[in-house]
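Within every chain, numbering begins at 1; the chains are lettered A, B, ... in the order of the sequence lines, protein sequences first and strands thereafter.
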Number of protein chains: 2
Amino acid sequence: MDLSSIEIFLAVASDRSVTKAAKAVGRVPSNVTTRIQQLEEDLGACLFSRDGKKMTLTREGETFLAYANRLMALALEARQAVRPLAPSGTLRVGTMESTAASRLPAALTQFNQMWPDVSLHLTMGASRDLARNVLADVLDCALIARPPKTMREEDLDFDAELEALEMETVFVEDLLIVLPSGHPAIKSAADLRVGSLAALEPGCTYRRIAENWARKTSALSTSELGSYHAILASVATGNTAGVMPRSVLDLMHWPTAVQTHQLGPVETLLVYRKDDCPSAFSAFHEVLGATKGRDVRLAAN
Amino acid sequence: MDLSSIEIFLAVASDRSVTKAAKAVGRVPSNVTTRIQQLEEDLGACLFSRDGKKMTLTREGETFLAYANRLMALALEARQAVRPLAPSGTLRVGTMESTAASRLPAALTQFNQMWPDVSLHLTMGASRDLARNVLADVLDCALIARPPKTMREEDLDFDAELEALEMETVFVEDLLIVLPSGHPAIKSAADLRVGSLAALEPGCTYRRIAENWARKTSALSTSELGSYHAILASVATGNTAGVMPRSVLDLMHWPTAVQTHQLGPVETLLVYRKDDCPSAFSAFHEVLGATKGRDVRLAAN
DNA sequence: GCTTTAATTCCGGAAAAGAGATTTTTCATT
DNA sequence: AATGAAAAATCTCTTTTCCGGAATTAAAGC
């Protein structure tokens with residue numbers, strides 16, 4: 001039983017999918033399958049029940065999940081406790097709205113508890129702007145969405161900027177189109193019966209992915225809103241379709257089960273300059289890595 | 001950072017020696033050195049200070065030790081929590097006096113907390129008798145001393161009995177001759193200025209090792225005593241030399257620093273029948289493995 | 001029923017772990 | 001000091017394990 005197995009287990013448990021989990025932990029699905037099987041054999045218990053293509057935790061899996069979280073937290077604490085030079089000073093972190101809402105709360109709480117001497121400056125923004133600010137040393141690091149390959153080829157500037165930075169996948173989001181209640185299911189943008197798309201600012205990668213998807217088959221306008229709450233409210237009026245990751249939608253326990261359409265997985269990257277790596281950043285990096293895949297689920301409980 | 005590294009770390013920390021630790025965890029010294037170095041590199045901190053041939057924990061090493069113990073305990077608990085069939089019934093465990101005194105308390109406490117439904121029958125005895133009782137199904141398992149190779153060759157019966165059992169090294173004891181205060185240092189039994197050796201019953205492996213050592217150069221009688229406390233008391237009178245492992249001596253915070261002579265390392269084996277493996281035994285086995293190398297030190301704190 | 005998607009199985013290459021031999025350092029003894 | 005024994009570190013070689021890709025199987029959606 002090593003901690004990487006537990007990381008993999010947590011990813012599968014939270015995504016209920018080996019494919020997604022594999023992306024989240026930067027491995028290949030077959031490897032995830034194998035490691036889970038090894039873990040189950042080692043423990044002598046069945047952690048997941050494979051009904052169909054869903055991976056649901058068994059009774060034992062649920063109890064192990066609690067321990068897995070505690071083990072990861074304890075290992076993280078141990079790691080931080082022996083850190084030779086205690087981080088201090090200021091750390092300037094850029095993040096997308098969505099990540100700040102769904103993924104960061106737990107990590108930030110833990111980080112703040114552990115290193116109260118670091119003053120953490122959080123800046124929200126669109127992925128493009130954030131990446132530029134990291135390059136320009138306005139930010140120390142940022143959490144941004146990686147555009148899919150086809151979009152990167154259309155926007156070589158952004159791609160070049162990313163290449164100049166160190167990057168690492170930390171989350172994988174399911175990007176959704178959220179439809180008004182009562183709207184029929186859709187296969188493509190042509191089936192949309194709304195007047196516009198509701199999204200954040202123009203530099204937002206999610207917005208651009210959605211616009212790319214929409215313009216193939218229809219000519220929708222985009223209405224720009226300031227927050228995901230505003231987007232959902234706008235969807236509720238019945239005449240717009242919202243764009244947001246599933247993790248954000250999950251947070252906003254919306255009264256009725258909403259109709260959604262998947263645009264596919266989008267990776268969230270942690271980017272930082274190749275040269276500099278202050279102590280506070282290493283600590284943040286570590287906390288982020290250890291808490292990933294735990295936040296949304298914990299909040300849901 | 002995987003749990004096997006932590007197990008190795010705990011062994012080195014408690015033995016303050018990579019050679020001893022290597023034996024305790026069933027590995028080769030070069031491997032232990034490497035794993036410790038890897039762990040230090042991974043944590044980015046120096047865990048041990050190598051002053052000469054001693055491995056002493058650094059400040060960071062001490063703090064990591066606390067976490068290492070908690071991690072092992074938590075991992076053990078996780079393992080037990082998902083055990084499909086909760087152990088119950090009776091488990092008959094045989095043990096040497098010395099092991100019962102120095103190594104078992106922590107393991108038994110933990111086991112009892114975890115599985116209050118198992119009634120644990122503890123039998124003390126000499127290694128030979130214990131091994132026979134396991135073979136005869138009077139005991140489910142036993143902790144016994146493995147005689148050194150030369151002695152095994154003189155006692156083929158015992159050796160054959162051991163071969164018929166499953167066995168596993170769980171501890172490594174430093175076997176000592178304890179001398180009365182004021183006795184000069186000795187190189188061999190010829191230098192002894194006492195009338196007799198104080199030891200336990202004839203079937204005791206430690207006693208036989210000491211007698212073997214003594215008879216090479218001198219003709220000492222053995223006085224048989226019922227407990228290690230009695231042996232130490234007898235040594236205190238000035239006319240006997242006691243035989244006991246260092247871990248036992250450490251427990252009995254003896255007023256004055258006593259003079260000792262090393263007879264060398266002796267492995268403690270957990271033996272059990274090859275065929276049968278009841279649930280309660282697996283649980284005991286697991287607890288024993290996870291708590292090893294932690295007890296004496298914890299008691300000393 | 002066919003297509004798509006996801007999980008698993010199988011296999012070859014790569015990386016890491018373990019064991020033994022060798023070297024270096026240290027401690028004890030002369 | 002010089003010598004010898006013992007222990008840790010280093011090095012090299014072998015073995016094992018791990019990882020990624022291709023093929024396979026099974027389930028869900030149309």
Treat primed atoms plus P, OP1 and OP2 as sugar-phosphate and everything else as base, then score nucleotides 21-30 of chain C 5' to 3': B for base contact with protein heavy atoms under 4.0 Å, S for sugar-phosphate contact only, - for none. -----BS---
Can a salt bridge be assigned to the pair A:E211 and A:R215 using a cut-off of 4.0 Å between side-chain N and carboxylate O? no
A:Q38 side chain reached by A:T34 side chain, heavy atoms, under 4.5 Å: yes
Expressed in angstrom and rounded to an integer, what is the separation of B:D2 atom CG from C:dA16 atom C1'? 11 Å
Between which nucleotides of DNA chain D, 5' to 3', does chain B make heavy-atom contacts below 4.0 Å? D:dA6 to D:dT10
Residues touching DNA chain C, which here means a heavy atom under 4.0 Å, drawn from residues 32-40 of chain A: A:T33, A:Q37
Figure out the CD/P separation between B:E41 and C:dA17, and round it to whole Å. 12 Å
Separation between CZ of A:F171 and CZ of A:R103, rounded to the nearest 0.5 Å: 6.0 Å
Whole angstroms only, please: what is the CG-P distance between A:N31 and C:dA16? 14 Å
Nucleotide C:dT8, atom P - distance to CD1 of A:I8 in whole Å: 13 Å
Hey, are B:K23 and B:D15 close enough for a salt bridge, meaning a charged N less than 4.0 Å from a carboxylate O? no
Check whether any side-chain heavy atom of A:V266 lies under 4.5 Å from a side-chain heavy atom of A:Y206, and answer yes or no. yes
OG/B:S98 to CG/B:L249 distance, rounded to the nearest 0.5 angstrom? 12.5 Å
Got a second to check how far B:E173's CD is from B:R246's CZ, nearest 0.5 Å? 10.5 Å
The single option from A:R79, A:Q80, A:R83 passing side-chain contact (heavy atoms from CB on, under 4.5 Å) against B:L43: A:R79
Point-to-point distance, once rounded to the nearest 0.5 Å, from OG1 of A:T205 to CZ of A:R152: 11.0 Å
Quick one: are the ring centres of B:F9 and B:Y67 less than 6.0 Å apart? no
A:V28 near the nucleic acid: base, sugar-phosphate alone, or nothing, with a heavy-atom cut-off under 4.0 Å? base
Quick one: do A:D2 and A:R35 make a salt bridge, cutoff under 4.0 Å? yes
